[in-house]
Amino acid sequence: MVVKSQNSDQVYFATKALCKSIFERVFKWLIQKCNKALDTKKPRANYCGVLDIAGFEIFDFNTFEQLCINLTNERLQQFFNHHMFILEQEEYKREGINWQFIDFGLDLEASIELMEKPMGILPMLDEECMFPKATDMTYKEKVIQQHNKKHPKLSVPSIKETKGMEHPPHFNIHHYAGVVGYNVEDWLTKNADPLNDNVLDLFRKSAMPFMAELFADCVPAGPKERKKTFQTMAMMHRKSLNELMGMLNSTYPHFIRCLVPNETKTPGKVQAELILHQLRCNGVLEGIRIVRQGFPNRIPYADFKQRYQILAASAIPAGFIEAKDATQIIIKHLALTDDEAKFGNTKVFFRAGILGRLEDLRDEKITEILTAFQALARGWIARKIFKKLMEQRVGVVVLQRNIRQHFILRNWPWWKLFTKVKPLLSIARQEEEIRAKEEEMKKALEEARRPLLPRRSSKRSTRNSRRKGWKSRLNSRRSDKPLSMLRTLSSNLRASRRNSKRRTTNSSTGLRRKRRTTSPSPRTSELSRLNSPALRTT
């Protein structure tokens with residue numbers, strides 16, 4: 001049995017280090033099983049990896065764990081800035097825009113050097129762990145003496161700032177996400193990560209196959225080999241971080257920023273201060289700051305012409321015009337300077353805020369056009385309604401005038417006489433129609449009588465020889481058409497006379513016309529002679 005005297009704090013940290021070791025090995029074992037299950041024998045040249053890390057951490061009490069996490073976020077933010085603006089500046093070069101190359105990843109280099117480079121915070125911590133009599137306070141004094149007022153990213157808080165705090169920070173580091181105060185209590189113990197060799201050997205020889213598999217690599221080493229293989233947590237963290245950055249630099253990365261809307265997990269609730277803090281810690285605000293220094297907004301020429309030609313409709317000539325030429329005309333009409341807008345090969349680039357100003361101008365123009373269109377439409381509708389009302393007004397006036405005249409004339413005797421005589425006025429028109437029909441009958445009668453006249457001959461012998469067949473030729477020449485026409489005319493004449501007599505007898509005046517007693521006209525006698533039985537037989 002091995003007996004070792006330790007105080008309660010040493011036992012606590014030893015137990016905590018052992019739990020961390022078990023968790024680390026179980027996690028690695030799980031990843032290996034997943035990779036083995038998804039593995040294939042086919043050759044592969046590409047792969048897809050997912051890196052999930054904690055965001056930047058700023059608490060009231062920040063210790064060694066927060067320093068490691070924030071260092072990782074600094075390195076990843078540096079990679080993000082470098083990668084993002086490298087792509088931006090490559091597009092500027094591809095579009096032919098004059099641009100001076102700027103590596104914005106160097107903005108975070110000072111804070112990274114403060115933590116990683118020789119005589120930095122983590123290397124000095126590793127050095128202190130080598131000395132048996134070193135303490136956390138001696139480490140703090142060395143860090144402050146080495147970097148206070150000498151490095152721009154490190155400062156010492158004043159007594160006034162730390163007054164009343166349970167765990168006051170010993171020094172501050174100025175990260176991109178903000179100023180973080182770190183307390184160095186138990187940093188040496190956490191960095192050394194005290195794992196007892198006897199405990200590790202016990203787990204390696206465990207009767208549980210799973211536990212023995214996890215700790216199979218924990219072979220006891222001698223004192224000399226132990227000094228060569230000794231690694232602190234800071235060393236292992238920097239080593240794994242360098243491997244991660246090397247892997248990221250060999251891939252094409254995509255970045256996803258995750259935000260928590262509230263701390264109570266309540267749906268529909270948004271805490272603005274919490275979100276702003278996360279945006280700052282996730283590096284989103286840092287990325288926006290970098291992008292604003294370039295040309296963050298870019299639009300293809302065709303899309304820009306289609307959307308914003310309304311701002312310079314009078315300046316663009318009619319007919320077909322190239323999208324790039326139209327874009328240049330619009331930019332010139334809007335009086336944008338060369339620093340505010342750049343023309344590329346296929347796109348137009350704008351400084352931050354310019355596109356928003358163009359959108360405001362476009363909204364104002366559309367509002368003006370729609371207002372004018374609405375005014376025209378409402379004016380047309382109002383004029384139409386007014387015209388209808390005026391017509392109704394005229395109609396009402398006419399109706400009122402007629403009604404007044406009716407009430408005035410309805411008891412006037414002369415008006416009564418006029419209403420009774422008015423139907424008789426149509427008789428004159430009927431007489432005119434009868435005369436016209438008589439004229440037509442006269443003409444038809446003359447046409448019918450014309451073939452009845454014999455042709456005169458100079459010789460009597462010829463007249464006597466032809467007299468015998470004259471009646472037969474007369475019957476052959478005479479057609480039924482003139483006779484039918486005469487009959488129709490006579491019947492129409494008789495019907496007209498009967499109707500005129502009937503209307504005369506039915507009139508309200510009681511007047512009667514005397515029947516004519518004069519001798520029949522030659523037309524009537526001629527018609528009766530033509531219709532006589534003797535003429536029909538001949």
Side-chain angles (χ1 to χ4, degrees), residues 77 80-105 107 176-178 254-259 261 268 270-316 321-374:
Q77 185 65 32
F80 171 74
N81 294 349
H82 177 77
H83 176 76
M84 181 184 65
F85 225 80
I86 284 293
L87 297 179
E88 286 281 315
Q89 293 175 123
E90 284 180 357
E91 185 170 3
Y92 296 159
K93 184 178 179 181
R94 187 169 55 252
E95 289 291 331
I97 295 177
N98 295 327
W99 176 261
Q100 186 179 0
F101 180 79
I102 301 174
D103 191 355
F104 289 95
D107 293 350
Y176 71 90
H254 298 272
F255 300 90
I256 300 174
R257 305 293 187 179
C258 301
L259 299 176
V270 176
Q271 296 179 358
E273 295 181 356
L274 177 63
I275 293 177
L276 182 61
H277 177 71
Q278 293 178 84
L279 292 174
R280 184 179 294 108
C281 294
N282 287 341
V284 176
L285 298 183
E286 179 72 11
I288 294 174
R289 180 188 68 83
I290 293 172
V291 169
R292 288 177 65 88
Q293 297 185 16
F295 297 92
N297 303 117
R298 69 287 312 267
I299 305 177
Y301 288 122
D303 296 343
F304 183 84
K305 175 191 172 185
Q306 181 179 4
R307 185 168 182 82
Y308 297 105
Q309 66 179 349
I310 191 174
L311 300 178
S314 59
I316 298 177
I321 183 173
E322 290 291 340
K324 186 175 182 179
D325 299 336
T327 302
Q328 292 176 351
I329 294 173
I330 296 171
I331 296 298
K332 184 178 180 180
H333 182 78
L334 297 175
L336 296 180
T337 62
D338 186 64
D339 185 64
E340 294 175 338
K342 293 284 187 181
F343 298 99
N345 296 328
T346 60
K347 300 177 183 177
V348 56
F349 293 76
F350 297 98
R351 290 283 188 184
I354 301 299
L355 201 60
R357 193 168 70 189
L358 294 182
E359 284 292 328
D360 294 338
L361 294 175
R362 181 176 179 270
D363 292 341
E364 293 176 1
K365 191 68 175 179
I366 292 176
T367 303
E368 181 181 353
I369 294 173
L370 291 180
T371 303
F373 178 75
Q374 289 177 354

Scan for side chain to side chain donor-acceptor pair (under 3.5 Å) pairs involving residues 305-316, sequence neighbours excluded, and state none if there are none. R307-E359, Y308-E359
Taking atom [atom1] of [X] and atom [atom2] of [Y], what is their separation to the nearest 0.5 Å?
X: K93; Y: E90; atom1: NZ; atom2: CD; result: 8.0 Å
X: T337; Y: K342; atom1: OG1; atom2: NZ; result: 9.0 Å
X: I299; Y: T327; atom1: CD1; atom2: OG1; result: 9.0 Å
X: L355; Y: D360; atom1: CG; atom2: CG; result: 10.0 Å
X: L279; Y: L259; atom1: CG; atom2: CG; result: 5.0 Å
X: Q278; Y: I275; atom1: CD; atom2: CD1; result: 7.0 Å

Minimum heavy-atom separation for [X] and [Y], please, with both atom names.
X: K347; Y: Y301; answer: O-OH, 3.1 Å
X: T367; Y: D363; answer: OG1-O, 2.7 Å
X: A341; Y: I331; answer: CB-CG2, 4.4 Å
X: L358; Y: L311; answer: O-CD1, 4.1 Å
X: F295; Y: D339; answer: CE2-O, 3.6 Å

Counting only heavy atoms not in I256 (residues, nucleotides, ligands), do more than 12 fall under 6.0 Å from its CD1?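 Count not over threshold, so no.
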For the CG atom on N98, are there more than 12 heavy atoms of other groups (residues, nucleotides or ligands in this structure) within a distance under 6.0 Å?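 Atom CG in N98 is not crowded, with 12 or fewer foreign heavy atoms closer than 6.0 Å.
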For a 4.5 angstrom cut-off between non-hydrogen side-chain atoms, does T371 reach E368?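 When only atoms from C-beta onward are counted, E368 and T371 do not touch, as no gap falls below 4.5 Å.
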May I ask you to decide if R351's main-chain N or O and E340's side chain share a donor-acceptor pair within less than 3.5 Å?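 No: the side chain of E340 does not pair with the backbone of R351.
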Which pairs, with at least one residue in residues 271-281 and sequence neighbours excluded, count as a salt bridge (charged side-chain N to carboxylate O under 4.0 Å, His left out)?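 Every pair satisfying salt bridge (charged side-chain N to carboxylate O under 4.0 Å, His left out) with a residue in residues 271-281: there are none.
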So does E95 pair up with R298, basic N to acidic O under 4.0 Å? no
